[in-house]
2 protein chains.
Amino acid sequence: MQSKPTTIKEIAKILKISPSSVSRGLHDHPSIGAVTREKIKQLAKSLSYQPNNAAILFQKGKTYTIGVILPELSEHFFSTAISAIEDEALKKNYTVIFAQSHDNYEQEVKLVEKMKNQRVDGLLVSISKDTSNFDHFEKLNTFNIPVVFFDRIPPFKNVHYVACSLETATVKALNYLLKKGHRSIGMINGPATLFASEERKDGYIQAISFNRLKFDPSLIVNCDLTEKGTIEAANEFLNHKRKPTAIVAFNDYVALFLIKYFKKLNVINDFDIVSYANLPIISYIDNSPIASVEQYPYLQGQKAANILLDLMANPNPENQAFFNTIVESDLIVNEVNK
Amino acid sequence: MQSKPTTIKEIAKILKISPSSVSRGLHDHPSIGAVTREKIKQLAKSLSYQPNNAAILFQKGKTYTIGVILPELSEHFFSTAISAIEDEALKKNYTVIFAQSHDNYEQEVKLVEKMKNQRVDGLLVSISKDTSNFDHFEKLNTFNIPVVFFDRIPPFKNVHYVACSLETATVKALNYLLKKGHRSIGMINGPATLFASEERKDGYIQAISFNRLKFDPSLIVNCDLTEKGTIEAANEFLNHKRKPTAIVAFNDYVALFLIKYFKKLNVINDFDIVSYANLPIISYIDNSPIASVEQYPYLQGQKAANILLDLMANPNPENQAFFNTIVESDLIVNEVNK
DNA sequence: CTAAATTAATCAAACGTTTGCGTGATATTT
DNA sequence: AAATATCACGCAAACGTTTGATTAATTTAG
């Protein structure tokens, strides 16, 4: 017994009124009398009428869908962020579709195109590692599809974005280490192209100079964030003329590689390690980073989603104000090492 | 300068032919001549025509969308599975929308309803912890929306599902521990309502009796899978008259709680721990489980998606055959402890 | 008591695409 | 040369809903 969903037309026929009246009745349009309105609503309920979304979307030319493009869904940061995005979207009855760039620029370009074709009403993006050209997002402007970047953002201000200030976070991390007495602090930074790398570097320099210490550029090493790259960076520090006593790792994954390597070399106790991301797992490992920068992925996702929902609700015509939201990050000191 | 997407009508007008011919031309319909066809395709390309999806969906009464409902996106298992689902769906040009039940039955019911209203063509579901009633899925049958369950499946066979045989996985785990000489093995099981708990229990009993040992029911403790619940379960074992020397934890998260607690009590070396899930992170912690059951989330997601895509492609009328796919799970022995 | 305003509903178009049916024109078979 | 088949395309309806314009009936104002 195949059920076909009830339509407005059917309700109209039964009630011997026009489909438009039914539509208006269901939407509490003032031009429909209270009596008729109630009749309509009752019948709709008893026939368990559900509006045909596809028809509405088509009619309105909106999809009530927001697209999310991010590098890697299975990374804790992103799955948490998207979880927040989904929650926020649901509140406003929006649907979320997502796709992974797998940190590949070409894939990202394709996905932006696909999202545009899917006619998403708006887009949330965390850009891929090797994206340095942003033309594919420019194109969306012409189609009036708003874009909000989060966490991995382009290095300029004339876009909407939500991100952590990694610069101040890095200052916090450095100050924490300096207060502990460390005077030679290494930093495993990401690829120089990443804005996030720049911020970390700036924070490092800022903290060093604020404390009237001499900045040694060779203590900041760029790294491709792989295990191999991490080991290479580690070796640089081990052979450094001013061998650091503390290391700031680009993120918890790098920290894990580093810890694994240092354990193997049995030098793990020679270093205090501080990291970024604050993966929940970190607190379970021995010799874990003594502190990690919490970047609040859920909050970031939430804010980005809300900005986008706002932008879609009020399609701002000429008003070219850009929402640049900074989520304050915190240095979480690992309790075990307090 | 607002761009509006190109439509078939516009192409038709420029070429002075009918919209239907354009549509047919683009779809290589035989009744359109080769010359006209090429003209159409060229113009479409140069105007960068993109079919209006909403219109097509509406017209065809299909959405080319599959819904995914799962408990918690940020869990590694699920984010990996959904990553696979997305990849498979993309190949067949389907779009994925997803929602999280947050392990809440009422939420799950709502989401099923929402998915139905969104007119998804099919549904992939991993059920919530406290779902024991399945009427909300029954309803989908009447609307001819196929459902494939994966990993967290209902405890009966007359549905489509993909899952690991946790029973045989548990047998493997038990045998491994028995071979290592353990004679009293504790199990921290999940809530009794979960099918996965039942399977673990059955596997436990099966392995015990196969090895002609006496089964002691008090060595299997149900647990709500929280940290608190885990500690309670651990205490039962610590005070047990036949204190176990090995413990099978419901999953890696429970194992982490357990390890943390045992470390605190300084009894971590009294136990061998085996777990389920095989989180990548596990290999980085000290005193990690000596083995973990790999449940192949990517594979499960992939298979479930393909079954669903098949079901949607061939809407089987009377043919009530149910796809029950078992993914063989493996016991991964942690190399460090080999 | 007529004119204007309000109320309650209807009509018809529109959104973009697909598809069954029809129709001339040309080509092929008797 | 007449009958038939094939080709290439157009017509129009349909999918379900929304919405601006319109109408008819009733109420209010002047």
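Here is how names work: the chains are called A, B, and so on, in the same order as the sequence lines, proteins then strands, and each is numbered from 1.
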Assign A:G61 to base, sugar-phosphate, or nothing according to its heavy-atom contacts below 4.0 angstrom with the strands shown.
-> nothing
Are the aromatic ring centres of A:F58 and B:F58 under 6.0 angstrom apart?
-> yes
Report yes if the distance between the aromatic ring centroids of A:F156 and A:F134 is under 6.0 Å, otherwise no.
-> yes
Using atom NE2 of A:H27 as one end and atom C1' of D:dG16 as the other, report the distance to the nearest whole Å.
-> 12 Å
Protein-nucleotide distance (B:K13, atom NZ; C:dG16, atom P), rounded to Å | 11 Å
With distance as the sole test, does B:D103 use its side chain to make a donor-acceptor pair with the main-chain N or O of B:K129 at under 3.5 Å?
-> yes
Separation of B:I40 atom CD1 from C:dT18 atom P, in whole Å?
-> 12 Å
Calculate the interatomic distance between A:H29 atom NE2 and D:dA21 atom C1'; express it in whole Å.
-> 12 Å
Taken to the nearest whole Å, CG/A:D28 to C1'/C:dA8 is 15 Å
Under 3.5 Å side-chain donor-acceptor pair for B:N306 and B:E88 | yes
Nucleotide-resolved protein contact map, nucleotides 10-15 of chain C, B/S/- at heavy-atom distance under 4.0 Å = BBB--B
Nearest-angstrom distance from the residue atom CD1 of A:I56 to C1' of D:dT19 = 14 Å
Nucleotide C:dA9, atom P - distance to CD1 of A:I11 in whole Å = 16 Å
Kindly state each residue pair satisfying ring pair (Phe, Tyr, Trp, His ring centres under 6.0 Å) with at least one member in residues 80-123 of chain B, sequence neighbours excluded.
-> A:F98-B:F98, B:Y64-B:Y94, B:Y105-B:H136
Protein-nucleotide distance (A:L57, atom CG; C:dT17, atom C1'), rounded to Å | 15 Å
Using distance alone, with no hydrogens and no angle criterion, decide if A:Q107 and A:S101 have a side-chain donor and acceptor under 3.5 Å apart.
-> no
Determine: side-chain N/O of B:T36 to OP1/OP2 of D:dC9, distance under 4.0 Å, yes or no.
-> yes
